[in-house]
**Student:** 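Attaching a single structure in structure tokens format; questions to follow.
Naming convention: chains lettered A, B, ... in sequence-line order (proteins, then strands); numbering from 1 in each chain.
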2 protein chains.
Amino acid sequence: MEEQKKIFIEKIGVKTENHGHSPLAGRIIGTLLLADPSYMTFEELCDYLSASKSSISTNLKLLMSESIAMVEYFTLPGDRKRYFRISVQGWQSHLDKIPDEFEYGNQLLTDIIQYRIENHLDENFTKELKEIVSFYRFIIAKLPLLKEEWEQLKLKNNI
Amino acid sequence: MEEQKKIFIEKIGVKTENHGHSPLAGRIIGTLLLADPSYMTFEELCDYLSASKSSISTNLKLLMSESIAMVEYFTLPGDRKRYFRISVQGWQSHLDKIPDEFEYGNQLLTDIIQYRIENHLDENFTKELKEIVSFYRFIIAKLPLLKEEWEQLKLKNNI
DNA sequence: CTTTTGGTTCGAAAATGTCAGAACTAAAAG
DNA sequence: CTTTTAGTTCTGACATTTTCGAACCAAAAG
């Protein structure tokens, strides 16, 4: 069982690594996703992952940074420890940022097209690029509407 | 102008690196996106990027691989050279694979939820995870429909 | 059959990333 | 004021990735 869990954590870790994080960062995410209770202290993370304080500190700092925001911590009165957990809100807001992500890549493609037009480069290829951009734009415009639609759906069914 | 172009290529390159490729792979993509004509020979790439034949070869191989398919080449009769270019089709099919990408991450989250239920872990957190998954599922289901909608739109307006 | 062209493949070197240990700090406890 | 706790920061070692140069190969040219 415990062994099973560790293998599972590694798997989650690899997935997270694919998104550009270090192996340890991935393991922290995996560990917190399977934790019970759903939060852990700094020390527990060190022990459980057999990692040094410095590595845990560095990686937690990264995972809690503004731009990533996958982990957060809370404190308890009269207790010096920090309790780290997955930030569900961070995860959600990460979802909300997907359109921006698309948008950035798309802006770059748009600039490329602009450059190609200004410099009279091979029009046929430019046109093909335009088509890709227009699809992206379409998706980007639709995503917030989907989110909206989902909120409505949730309101009707669940709560 | 030429200098401007190089800076631009680096910028495209960084964006591509963020998707998990090497700097040189990113530069190749950038170079081909701004190329005129829209294809280049192996030698031209080596010269333009001041990179070794081996590096260009390795990276082109990667970029042309089944799973990435961002670059392709064509040949001309009576000409031994290969002409490398951006694969618009590969790019398109990459777009088509976005739902699968989402799906994989989502499957992992689903497994995590399953584990948490089976082992009676902190239900509140499990419930929050469920909500994220259900939103993902919703999006995944909708994306192909959006693609469809876009195709229709294109048919009406353009061609 | 030899040379040239257009690459590929195989180590090794250089650049980067990851992690641990030790020294440090700020706040609380004694 | 000293000690302990809960981390942080810095430095260097180790691992991985990226790139290069040299040797190699297959096909075409001479």
Side-chain angles (χ1 to χ4, degrees), chain A residues 6 9-10 12-32 39-68 70-85, chain B residues 6 9-10 12-32 39-68 70-85:
Chain A
K6 296 230 172 187
I9 288 173
E10 289 304 315
I12 301 165
V14 169
K15 176 66 188 169
T16 311
E17 276 182 69
N18 290 342
H19 280 278
H21 300 299
S22 73
L24 186 54
R27 277 181 214 119
I28 291 173
I29 295 291
T31 304
L32 291 177
Y39 45 82
M40 285 172 81
T41 66
F42 187 90
E43 210 189 350
E44 284 170 342
L45 281 169
C46 289
D47 289 353
Y48 190 75
L49 293 171
S50 322
S52 69
K53 288 204 292 172
S54 63
S55 303
I56 295 290
S57 175
T58 308
N59 281 282
L60 277 179
K61 190 178 160 191
L62 179 79
L63 290 170
M64 293 191 300
S65 70
E66 186 89 22
S67 59
I68 298 180
M70 294 177 93
V71 173
E72 64 186 358
Y73 72 84
F74 62 92
T75 50
L76 296 175
D79 184 351
R80 276 211 269 164
K81 282 175 179 143
R82 288 172 192 177
Y83 295 87
F84 297 92
R85 66 178 167 196
Chain B
K6 296 231 172 185
I9 288 174
E10 291 302 315
I12 302 165
V14 169
K15 176 68 188 168
T16 311
E17 276 181 71
N18 290 342
H19 280 282
H21 300 299
S22 73
L24 186 55
R27 278 182 212 118
I28 290 173
I29 295 292
T31 304
L32 292 177
Y39 45 83
M40 287 173 80
T41 65
F42 187 90
E43 210 190 348
E44 285 170 342
L45 280 170
C46 289
D47 290 354
Y48 189 74
L49 294 171
S50 323
S52 68
K53 289 204 292 174
S54 63
S55 302
I56 295 290
S57 175
T58 308
N59 280 282
L60 277 178
K61 191 177 158 191
L62 180 79
L63 290 170
M64 293 192 299
S65 70
E66 186 87 23
S67 57
I68 298 179
M70 293 176 94
V71 172
E72 63 186 0
Y73 71 85
F74 62 92
T75 50
L76 296 173
D79 183 351
R80 275 211 272 164
K81 283 174 178 144
R82 289 171 192 178
Y83 296 87
F84 298 92
R85 65 178 168 196

**Student:** Which atom names give the shortest non-hydrogen contact between B/Ile56 and B/Cys46, and what distance separates them?
**Tutor:**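 In terms of heavy atoms, the two residues are closest at CG1-SG, 3.7 Å.
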**Student:** For B/Glu43 and C/dT4, give me the distance from atom CD to atom C1', rounded to whole Å.
**Tutor:** 13 Å
**Student:** Take atom CG of A/Leu45 and atom P of C/dA20, then tell me their distance rounded to the nearest Å.
**Tutor:** 13 Å
**Student:** Contact class for A/Thr75 vs. all strands (heavy atom < 4.0 Å): base, sugar-phosphate, or nothing?
**Tutor:**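 A/Thr75: no heavy atom of the nucleic acid under 4.0 Å.
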**Student:** Out of B/Thr58, B/Thr16, B/Asn59, which one pairs with B/Ser22 under the side chain to side chain donor-acceptor pair (under 3.5 Å) rule?
**Tutor:**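 Running side chain to side chain donor-acceptor pair (under 3.5 Å) over B/Thr58, B/Thr16, B/Asn59 with B/Ser22 returns exactly one hit, B/Asn59.
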**Student:** How many Å lie between CG on A/Leu49 and C1' on C/dA20, as a whole number?
**Tutor:**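 It works out to 15 Å between those atoms.
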**Student:** Check whether any side-chain nitrogen or oxygen of A/Ser55 sits under 4.0 Å from OP1 or OP2 of C/dA20, and answer yes or no.
**Tutor:**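 It does, given that an N or O in the side chain of A/Ser55 lies less than 4.0 Å from OP1 or OP2 of C/dA20.
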**Student:** Any non-hydrogen side-chain atom of B/Arg80 less than 4.5 Å from a side-chain atom of B/Thr75?
**Tutor:** no
**Student:** Given atom NZ of A/Lys53 and atom C1' of C/dG21, what is their separation to the nearest angstrom?
**Tutor:**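 About 11 Å, once rounded to whole Å.
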**Student:** Using the rule ring pair (Phe, Tyr, Trp, His ring centres under 6.0 Å), only one of A/Tyr39, A/Phe84, A/Tyr83 pairs with A/Tyr73; which is it?
**Tutor:** A/Phe84
**Student:** Any donor-acceptor pair under 3.5 Å joining the side chain of B/Lys81 to the base of C/dG6?
**Tutor:**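 Under the 3.5 Å cut-off, the side chain and the base do not form any donor-acceptor pair.
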**Student:** Between the side chains of A/Ser57 and A/Ser54, is a donor N or O closer than 3.5 angstrom to an acceptor N or O?
**Tutor:**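 No, A/Ser54 and A/Ser57 have no side-chain donor paired with an acceptor closer than 3.5 Å.
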**Student:** Could you report the tightest heavy-atom contact between A/Met40 and A/Thr31, atom names first, then the distance?
**Tutor:** SD-CG2, 3.6 Å
**Student:** Which is more 5' along DNA chain D, the nucleotide nearest A/Ile56 or the one nearest B/Asn59? Just name the residue.
**Tutor:**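 It is A/Ile56 whose nearest nucleotide is closer to the 5' end.
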**Student:** Does A/Ser54 make a side-chain donor-acceptor contact with the base of C/dG21, cut-off 3.5 Å?
**Tutor:**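 It does, because a donor-acceptor pair links the side chain of A/Ser54 to the base of C/dG21 below 3.5 Å.
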**Student:** Tell me the interatomic distance from A/Arg80, atom CZ, to C/dA26, atom C1', rounded to whole angstroms.
**Tutor:** 9 Å
**Student:** Please tell me if the side chains of B/Arg27 and B/Glu10 come closer than 4.5 Å, counting only heavy atoms from C-beta onward.
**Tutor:**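 The answer is yes, as the side chains (C-beta and beyond) meet within the 4.5 Å cut-off.
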**Student:** To the nearest Å, give me how far apart NZ (A/Lys61) and P (C/dT18) are.
**Tutor:** 15 Å
**Student:** Without decimals, in angstroms, what is the distance between B/Met40 CE and C/dG7 P?
**Tutor:** 13 Å
**Student:** Counting the atoms with a prime plus P, OP1 and OP2 as sugar-phosphate, which does B/Ser57 contact under 4.0 Å by heavy atoms, base, sugar-phosphate, or nothing?
**Tutor:** base
**Student:** How many Å lie between CG on B/Asp47 and P on C/dG6, as a whole number?
**Tutor:**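 About 12 Å, once rounded to whole Å.
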**Student:** With a strict under 4.0 Å distance from non-hydrogen atoms of chain B, what nucleotide opens and what nucleotide closes the contacted stretch of DNA chain D, reading 5' to 3'?
**Tutor:**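 So the contact region on DNA chain D extends D/dT18 to D/dA28.
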